[in-house]
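Nothing here was measured: the structure is a model prediction, and the numbers come from that model.
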Amino acid sequence: MALDGIRMPDGCYADGTWELKMHVTDLHRDVSLRVTGEIHIGGIMLKLVEKLDVKKDWSDHALWWEKKKTWLLKTHWTLDKYGIQADARLLFTPQHKLLRLQLPNMKHMKVKVNFSDRVFKAVSDICKTFNIRHPEELSLLRKPRDPKKKKKKLEEAEEDDLELEGPLLTPGSGSIYSSPGLYSKTMTPTYDSRDGSPLSPTTAWFGDSPLSEGNPSILAVSQPISSPDILVKLYKPQSLLDKAKINQGWLDSSRSLMEQDVKENEVLLLRFKYHSFFDLNPKYDAIRVNQLYEQSKWAILLEEIECTEEEMMMFAALQYHINKLSIMSSDNHLNNSEKEVDEVDAALSDLEITLEGGKTSNSLGDITSIPELADYVKVFKPKKLTLKGYKQYWCTFKDITISCYKSKEEAHGTPALQMNLRGCEVTPDVNISGQKFNIKLLIPVADGMNEIWLRCDMEKQYAHWMAACRLASKGKTMADSSYNLEVQNILSFLKMQHMNPDPQFIEPITTDINPECLVSPRYLKKYKNKQPGSIRDLISARILEAHQNVAQMSLIEAKMRFIQAWQSLPEFGITHFLAKFQGGKREELIGITYNRLIRMDAGTGDAIKTWRFSNMKQWNVNWEIKMVTVEFADEPSLSFICAEVDCKVVHEFIGGYIFLSTRAKDQNESLDEEMFYKLTSGWV
């Protein structure tokens with residue numbers, strides 16, 4: 001008998017070989033190969049394909065080690081180097097698999113995604129497929145489970161899948177993705193001939209796929225909510241703790257889908273993860289703008305973010321306007337495309353909504369002096385044990401400091417109250433109909449935050465002081481180029497909430513308004529309890545009143561205004577996580593935004609303390625006890641333990657926002673993936 005056929009007690013053969021067990025997923029077939037530890041992975045796959053003897057393109061297949069949850073992608077590595085022995089079982093499986101993506105507009109799409117790529121790279125490829133610039137702002141989120149539903153069912157009835165075909169099945173492959181000018185600053189914007197809205201280059205890619213049926217692509221078109229039942233079915237977080245639980249579902253950007261137990265055909269949510277939207281330009285971002293609008297719309301309707309009743313009616317009016325224009329652009333073919341392009345260009349030029357506050361003014365003025373504000377403003381300190389309310393002061397706003405004097409004549413003396421606003425929290429408290437224009441300030445001090453309220457008499461005064469407070473909180477003065485635009489944006493936001501236009505211009509109530517699909521359930525319930533008569537008619541009348549403030553806007557301008565109004569809400573951009581702070585006795589919330597960390601009361605959401613990223617020296621993670629420690633330049637370090645969530649998710653949010661803050665318009669638009677991993681992965 002030949003020695004090579006004798007099997008030893010340990011499972012190896014006398015000639016040093018052993019059997020490697022593999023399962024070929026495509027064929028549902030188990031295969032064994034006689035190997036040694038010195039054979040490299042590429043040689044294993046070659047031998048396997050030869051043994052299968054099936055004519056098929058195997059180029060997308062790779063080996064997956066189930067026990068270790070690892071892709072064996074380094075084909076020059078040997079089995080010994082990977083540590084693979086006779087007890088291992090490997091899968092020979094395609095790297096690209098179908099995934100059901102729920103886009104921000106709540107529509108589902110089947111896309112083939114590389115399950116062996118890191119999630120950051122996979123999302124980047126998906127975004128290239130959909131022509132969404134700046135993919136670093138998006139990521140994948142597991143679908144939240146509604147605790148009220150006892151049994152989880154496949155929600156096939158919610159939305160039909162839209163299956164993409166042709167080149168879209170495999171993001172990242174083929175000549176489509178090396179198209180010159182895809183992310184180039186010199187790319188030429190194109191416009192839809194029917195409504196003048198920017199037309200994404202994506203339309204030209206889709207060929208005969210379902211996405212080409214609408215022009216522009218279905219991804220750039222907002223589709224009205226067809227029934228209030230859809231809102232009822234969707235999960236609505238009832239508290240800040242519910243919101244924190246949703247954020248547990250963000251996937252690790254540094255690991256692949258397979259490593260995180262994502263299965264083929266699983267539903268994942270594609271969402272804007274980081275609320276820092278860089279260079280949002282409607283000329284090139286038709287799909288990105290629409291998906292952002294959709295995400296903000298659903299956040300408001302599902303009560304993921306709080307807003308006042310006046311703001312809700314403004315959002316409803318903008319939705320109604322966008323729905324009308326979207327339907328009109330689908331039904332009417334207009335011929336005056338050149339004129340509309342000019343009109344859209346002009347509107348966007350006026351709008352100037354970008355991350356840093358749009359273009360700078362052409363008139364530089366006196367660049368050696370910093371603008372100041374001086375006016376009578378009412379001031380209130382709630383924490384003071386007094387029955388007195390607001391007290392009027394003569395207030396001056398210089399640099400980033402507000403000084404309060406008992407009268408205008410005493411302005412050259414010592415102020416009765418002085419506030420440095422660097423690092424403070426600025427929250428609006430406005431009621432247009434009640435003529436209430438308040439600014440809530442939470443100013444950092446050694447033992448927490450001092451609460452101060454400012455009350456302005458009129459909109460114009462409020463807009464200037466609010467804009468100055470927002471800039472001062474970031475350490476910027478009114479000399480900053482974004483100040484005047486911030487003032488105009490605030491005035492525009494207030495103007496859209498006015499509810500008493502001339503009645504003769506208000507549209508008659510029609511059946512196409514469908515207010516149940518435009519207003520969140522909380523406000524529907526409020527009207528039902530307090531207002532007599534037809535709820536539909538009452539809310540429809542309020543929406544039509546508010547609609548007069550936005551009726552002249554173009555489709556793209558209305559979407560941009562909606563996004564801007566969403567960004568103006570006090571709770572915008574705060575991602576909540578449950579945490580226990582060092583020295584604290586109970587669990588609280590840590591809120592992470594694009595420029596700061598916020599310690600928050602878990603019950604009320606009130607800010608207890610704020611720390612700015614600009615003052616941060618470094619942050620570290622103790623992976624064993626799930627503790628995140630952040631060190632600052634001139635204040636004590638912050639330490640907290642992540643509760644009910646992997647601290648990697650929190651760490652990635654902090655590092656991700658730091659990464660996004662390094663972006664600049666004069667940079668090459670290619671992403672520095674390695675820098676992202678260094679800032680977010682913790683071990684690369």
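Under the 4.0 Å criterion applied to side-chain N and carboxylate O atoms, Lys609 and Glu588 are not assigned as salt-bridge partners. In this structure, Asp242 does not pair ionically with Lys236, as no charged nitrogen and carboxylate oxygen lie closer than 4.0 Å. The pair Arg596-Glu425 meets the salt-bridge criterion, since a charged nitrogen lies less than 4.0 angstrom from a carboxylate oxygen. Note on Arg133 versus Asp285: salt bridge recorded, some NZ/NE/NH1/NH2 to OD/OE distance being below 4.0 Å. The pair Glu545-Arg542 does not count as a salt bridge, with every side-chain nitrogen at least 4.0 angstrom from each carboxylate oxygen.
For the residue pair Gln418 and Thr401, no side-chain donor N or O sits within less than 3.5 Å of a side-chain acceptor on the partner. Residues Glu631 and Ser637 have side chains that never bring a donor and an acceptor to within less than 3.5 angstrom of each other. Inspection of the Ser482 and Asp480 side chains reveals an N or O donor paired with an N or O acceptor under 3.5 Å.
Panel note: side chain Gln295, backbone Pro104; no donor-acceptor pair is recorded below 3.5 Å. Under the 3.5 Å distance criterion, the side-chain polar atoms of Asp601 are matched with a main-chain donor or acceptor of Thr604. Between the side chain of Arg470 and the main chain of Ala467, no donor-acceptor pair closer than 3.5 Å is present. With hydrogens and angles disregarded, no donor-acceptor distance shorter than 3.5 Å links the side chain of Asn450 to the backbone of Val445. Under a 3.5 Å cut-off, the side chain of Arg455 and the backbone N or O of Lys391 do not form any donor-acceptor pair. Side chain of Gln435 to backbone of Ile432: a donor-acceptor contact under 3.5 angstrom is found. At least one donor-acceptor pair under 3.5 Å links the side chain of His321 to the backbone N or O of Met553. With hydrogens and angles ignored, the 3.5 Å screen pairs a side-chain donor or acceptor of Asn247 with a backbone N or O of His576. With Gln248 contributing its side chain and Glu644 its backbone, the two residues share a donor-acceptor pair below 3.5 Å. Using modelled atom types, one side-chain atom of Ser296 and one backbone atom of Leu292 make a donor-acceptor pair closer than 3.5 Å.
Of the inter-residue distances, the one linking Ile556 atom CD1 with Leu325 atom CG reads 11.0 Å to the nearest 0.5 angstrom. Considering CG of Leu679 and CZ of Phe659, their distance stands at 7.5 Å, rounded to 0.5 Å. One finds the OH atom of Tyr594 at 9.0 Å from the CZ atom of Phe572 (value rounded to the nearest 0.5 Å). Annotation: the span from Met478 atom CE to Trp465 atom CH2 amounts to 7.5 Å, rounded to 0.5 Å. Atom-to-atom distance recorded for Thr427:OG1 and Glu571:CD is 9.5 Å, nearest 0.5 angstrom. Taken from OG in Ser540 to CG in Leu518, the straight-line distance is 8.0 Å, to the nearest 0.5 Å.
Residues Val430 and Thr308 form no side-chain contact, since every pair of their non-hydrogen atoms from C-beta on lies 4.5 Å or further apart. Taking 4.5 Å as the limit, some side-chain heavy atom of Cys404 sits within range of a side-chain heavy atom of Met419. Considering only heavy atoms from C-beta on, Leu544 comes within 4.5 Å of Tyr320 through its side chain. With a 4.5 Å cut-off on side-chain heavy atoms, Pro521 and Glu303 count as touching. Considering only heavy atoms from C-beta on, Tyr462 comes within 4.5 Å of Leu494 through its side chain. Looking at heavy atoms from C-beta onward, Thr593 lies out of side-chain contact with His275 at the 4.5 angstrom threshold. Annotation: side chain of Trp566 is not in contact with side chain of Lys297 (no heavy-atom distance under 4.5 Å). A heavy-atom distance below 4.5 Å is not found between the side chains of Leu578 and Phe640.
Summarising the geometry of Ile608 relative to Met449, their closest heavy-atom pair is O-CG, 2.8 Å, with the distance given to 0.1 Å. Nearest approach of Phe493 to Ala565, heavy atoms of both residues: CE1-CB, 3.3 Å. Closest heavy-atom contact between Cys307 and Tyr523: O-OH, 2.6 Å. Nearest heavy atoms, Ala558 versus Leu318: O-CD2, 4.0 Å. Taking every heavy atom of both residues into account, Ser639 and Met627 meet most closely at CB-SD, 4.1 Å. Considering every non-hydrogen atom in both Asn549 and Met496, the closest pair reads ND2-O, 3.3 Å.
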*Can you check side chain to side chain contact (heavy atoms under 4.5 Å, CB included) on Met616 and Ile658, steps first, answer last?*
CA-CA 10 Å; Met616 185 168 66; Ile658 299 296; 3.7 Å; yes
*Would you please test Glu310 and Ser433 for side chain to side chain donor-acceptor pair (under 3.5 Å) and show each step?*
CA-CA 8 Å; Glu310 288 176 334; Ser433 58; 3.0 Å; yes
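The environment of Lys495 atom NZ is sparse: at most 12 non-hydrogen atoms of other residues, nucleotides or ligands sit within 6.0 angstrom.
Annotation: cation-pi pair Lys273/Phe653 present, NZ/CZ under 6.0 Å from the ring centroid and within 45° of its normal.
Ring centers of Tyr390 and Trp453: at least 6.0 Å apart, outside the cut-off. Centroid-to-centroid, the aromatic rings of Tyr657 and Tyr274 come within less than 6.0 Å.
The one candidate from Thr610, Asp606, Ile592 that meets the side chain to side chain contact (heavy atoms under 4.5 Å, CB included) condition with Ile598 is Thr610. A salt bridge (Lys or Arg N to Asp or Glu O under 4.0 Å) with Arg522 is found for one member of Glu309, Glu304, Glu306 and no other, namely Glu306.
In this pair, Phe272 and Phe277 present their aromatic rings perpendicular. The plane angle is above 60°, beyond the 30 to 60° band.
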